[in-house]
Amino acid sequence: MCRSIKTLRPPALPEEATDDEIRAAALQYVRKVSGFRAPAAHNKEVFERAVAAVAEATAELLADLEVRGTAAQRAG
């Protein structure tokens with residue numbers, strides 16, 4: 001696991017993750033998997049598509065996760 005990718009769900013974050021936080025995590029993931037910090041010009045498009053796909057999947061995951069006990073913790 002990439003150490004610089006932080007947990008984006010409650011209770012690790014007090015609020016909902018922002019689009020910027022989700023994209024940053026997606027970028028770190030794609031960098032780790034590809035082995036490139038920045039892609040060469042001929043790989044830029046596929047790199048950016050991968051970041052967008054991972055960000056979309058991450059946003060969907062976070063929106064659909066059910067974290068038990070967080071509602072009770074917030075109300076208390």
Side-chain angles (χ1 to χ4, degrees):
M1 182 65 164
C2 201
R3 290 184 190 177
S4 57
I5 298 175
K6 65 181 182 176
T7 302
L8 297 179
R9 66 162 180 81
L13 284 183
E15 302 293 327
E16 194 172 302
T18 66
D19 289 343
D20 287 342
E21 290 169 322
I22 291 170
R23 187 180 189 297
L27 178 59
Q28 288 297 84
Y29 175 81
V30 172
R31 284 176 173 168
K32 186 66 161 186
V33 171
S34 70
F36 295 111
R37 176 156 171 37
H42 62 278
N43 285 325
K44 188 169 178 73
E45 184 180 334
V46 70
F47 192 90
E48 288 301 322
R49 276 198 324 258
V51 172
V54 171
E56 183 178 337
T58 301
E60 185 176 319
L61 170 69
L62 292 172
D64 293 347
L65 275 178
E66 178 184 332
V67 182
R68 296 187 175 187
T70 56
Q73 290 173 359
R74 289 181 188 169

Inset, instruction - Report yes if some heavy atom in the side chain of V30 is under 4.5 Å from a heavy atom in the side chain of L27; otherwise report no. - result: no
Inset, instruction - Determine the minimum heavy-atom distance between F47 and R31, stating which atoms define it. - result: CZ-CG, 3.9 Å
Legend entry - Contact summary for V51 and A26, nearest pair of heavy atoms: O-CB, 3.5 Å
Legend entry - Reported OG1-to-CZ distance for the pair T58 and R9, which is rounded to 0.5 angstrom: 14.0 Å
Legend entry - Pair R23 + E48: basic N to acidic O under 4.0 Å: yes
Inset, instruction - Calculate, to the nearest 0.5 Å, the distance between atoms CG and CD belonging to L65 and E60 respectively. - result: 10.5 Å
Legend entry - Heavy-atom neighbours of D19 CG exceed 12 at 6.0 Å: no
Legend entry - A25 versus L8, closest heavy-atom pair with distance: CB-CD1, 4.0 Å
Legend entry - Separation between CG of N43 and CZ of R49, rounded to the nearest 0.5 Å: 10.5 Å
